[in-house]
Amino acid sequence: MKILVIGNGGREHAIAWKLHKDDPAAELFCAPGNAGTAAIATNVPIAAKDVPGLVAWAKENRPDFTVVGPEVPLCLGVVDAFQEAGLAAFGPVKATARMEGSKAFAKEIMRAAQVPTADDVVVRTEAEAREAIAKLGVPVVLKADGLAAGKGVSVCMDQKQVEAALRDMFVDAKFGDSAREVLVEQYLEGEEASVLAFVDGATVVPLASAQDHKRLLDGDQGPNTGGMGAYSPAPCMTPDMLAVVKAQVLQPVVDELARRGTPYHGVLYAGLMLTENGPKVLEFNCRFGDPETEAILPRLSSPLLPALQACMDGTLADCPVEWDPRPAVCVVMVSGGYPESYPKGIEISGLDEAAKLDDVVVFHAGTARRASLVVTDGGRVLGVTALGADVREAVDNAYRGVVKIKFDGAGYRSDIAHRALERLS
Ligand code: AMP
Ligand code: GLY
């Protein structure tokens, strides 16, 4: 079995790690990968967004299956291009990857499917935005329609923040073409949770729940980041709540896309606010979450590849998807200065000692090899995941791994899974 994984983050290392664990004989390739994937796969130096380059490599090397990690290649149509070349690839085609690639499109689908979400107005100019803000009131949320590397959302708690967001979107054009259309959205209050599901065009199988930590600092303070850690399961996602999310959110969206002749195949990720009036959708992603995947996949006890193939073949109803009941916690270690500018190429030590600990896996995100060394190569550097008999033990195990790993300027939060621990006590 020859499998290509596209991407170079912690999510892609976790996917490759699980594929390798399920079948050590599988021949794995990662484009472009990182120092972690290099230990179990052959890294191919092609960027994840270089769709023609990926297709050319795949035509020559004929992988049996390809797993696409990030949203950018999915929204560029990498799955369509692979299918045209007669190659099987995991993820939605371009038309349905728009669930993440265009927030206005996602809203249109939600409206048609009567899925609960915040009220919104789509605008094209600052004047239209001001009119919509006057209608919805402050606090209010401004969202660039298109992909913006997770930075296109401004939650404005007061008029000063509204002015800054309007300037970013319309005057400084910080998000370029992605903000040609802007959603002005009602502010929602509640606890945030994500539900990811395997989808095969019709059948929806939710994955184990997870919650990430977006803010840089302990106590959910400081700037937003790509994710400072995650844990699974998320206690707020009770079996009853999960059933509601499946019935009111995931299944109606999947049915609506199928009705339009563009069925959704892949992982559908719903970012939710659990409000007083039930769960409401904040966003959809068209892929596995990062770092949620680093907490979810170590809990998947059934093999990953058959589930991914079933999503594409429409046979998910017949595919077992089983979970280890033990919780998992992933602590992300970041470069000094992240999420602003940070240095690269700093030597990392202690990786082997951390990996030797029971129930601990170190997923690489922004790392590279330099001769015999592993060095930093990004803002989010590593995700240290541990399982435990309960969430307390999983947290302790993860931090036991974290303290063994050293690099100059390393930062991490010391309170990952605090909400789950609070519920426990
Ligand atoms: P998104 O990229 O859509 O997940 O937005 C980033 C973050 O902004 C979310 O994780 C929420 O914390 C926040 N957010 C997005 N939409 C809303 C909303 N309508 N009300 C309150 N917070 C929001
Ligand atoms: N952790 C949020 C995301 O993957 O978009």
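As the structure lists them, so they are numbered: ligands from 1, and atoms in each ligand from 1. The chain is numbered in sequence order, starting from 1.
- Within the listing of ligand 2, atoms 1 (N), 2 (C), 3 (C) sit less than 4.0 angstrom from a heavy atom of Y269.
- Salt bridge K280/E189: absent, no basic N to carboxylate O contact under 4.0 Å.
- The shortest separation from a heavy atom of R11 to ligand 2 is not under 4.0 Å, leaving the residue out of contact.
- Within a 6.0 Å radius of CG in D408, no more than 12 heavy atoms belonging to other residues, nucleotides or ligands are found.
- Qualifying salt bridge (charged side-chain N to carboxylate O under 4.0 Å, His left out) partners for E128, counting only residues two or more places apart in sequence or in other chains: none.
- Remark: among candidates M228, R287, H213, the nearest residue to atom 5 (O) of ligand 2 is R287, based on non-hydrogen atoms.
- Using a cutoff of 4.0 Å between basic side-chain nitrogens and carboxylate oxygens, R260 and E108 are scored as salt-bridged.
- Contact residues for ligand 1 (protein heavy atom closer than 4.0 angstrom to any ligand atom): V141, K143, V153, V155, E185, Q186, Y187, L188, E192, K214, M273, L282, E283.
- When non-hydrogen atoms are compared, ligand 2 lies under 4.0 Å from neither the backbone nor the side chain of Q211.
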Could you pull out all donor-acceptor pairs under 3.5 Å where a side-chain atom in residues 34-43 meets a protein atom, sequence neighbours excluded?
{"unit_1": "N34", "atom_1": "OD1", "unit_2": "G36", "atom_2": "N", "d": "2.8"}
{"unit_1": "N34", "atom_1": "OD1", "unit_2": "T37", "atom_2": "N", "d": "3.0"}
{"unit_1": "N34", "atom_1": "ND2", "unit_2": "N8", "atom_2": "O", "d": "3.2"}
{"unit_1": "N34", "atom_1": "ND2", "unit_2": "H364", "atom_2": "O", "d": "2.9"}
{"unit_1": "N34", "atom_1": "ND2", "unit_2": "A365", "atom_2": "O", "d": "3.2"}
{"unit_1": "T37", "atom_1": "OG1", "unit_2": "N34", "atom_2": "N", "d": "2.9"}
{"unit_1": "T37", "atom_1": "OG1", "unit_2": "N34", "atom_2": "O", "d": "3.0"}
{"unit_1": "T37", "atom_1": "OG1", "unit_2": "N43", "atom_2": "OD1", "d": "2.7"}
{"unit_1": "N43", "atom_1": "ND2", "unit_2": "N34", "atom_2": "O", "d": "2.9"}

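- Residue K214 places no N or O, backbone or side chain, under 3.5 Å from any N or O of ligand 2.
- With sequence neighbours excluded, the residues forming a side chain to side chain contact (heavy atoms under 4.5 Å, CB included) with A104 are S102, V122, D145, E181, L183, listed by chain and number.
- The distance from ligand 2 to the heavy atoms of G289 drops below 4.0 Å at these ligand atoms: 4 (O).
- Numbered from 1 in the order shown, with element, the atoms of ligand 2 that lie under 4.0 Å from a heavy atom of E292 read 1 (N), 2 (C), 4 (O).
- Neither the backbone nor the side chain of F288 comes within contact range of ligand 2; no heavy atom lies under 4.0 Å.
- One finds no salt bridge joining D359 and R400 here, because no Lys/Arg side-chain nitrogen approaches an Asp/Glu carboxylate oxygen to under 4.0 Å.
- Listed by atom number, the atoms of ligand 2 under 4.0 Å from D212 heavy atoms are 1 (N), 2 (C).
- Classified by interplanar angle (parallel below 30°, tilted 30° to 60°, perpendicular above 60°), the ring pair F90/F65 is tilted.
- Using the six-membered ring where Trp is involved, Y399 and Y412 have ring planes that are tilted, between 30° and 60° apart.
- Between D220 and H418, the side chains place a donor N or O and an acceptor N or O closer than 3.5 Å (distance only, hydrogens not considered).
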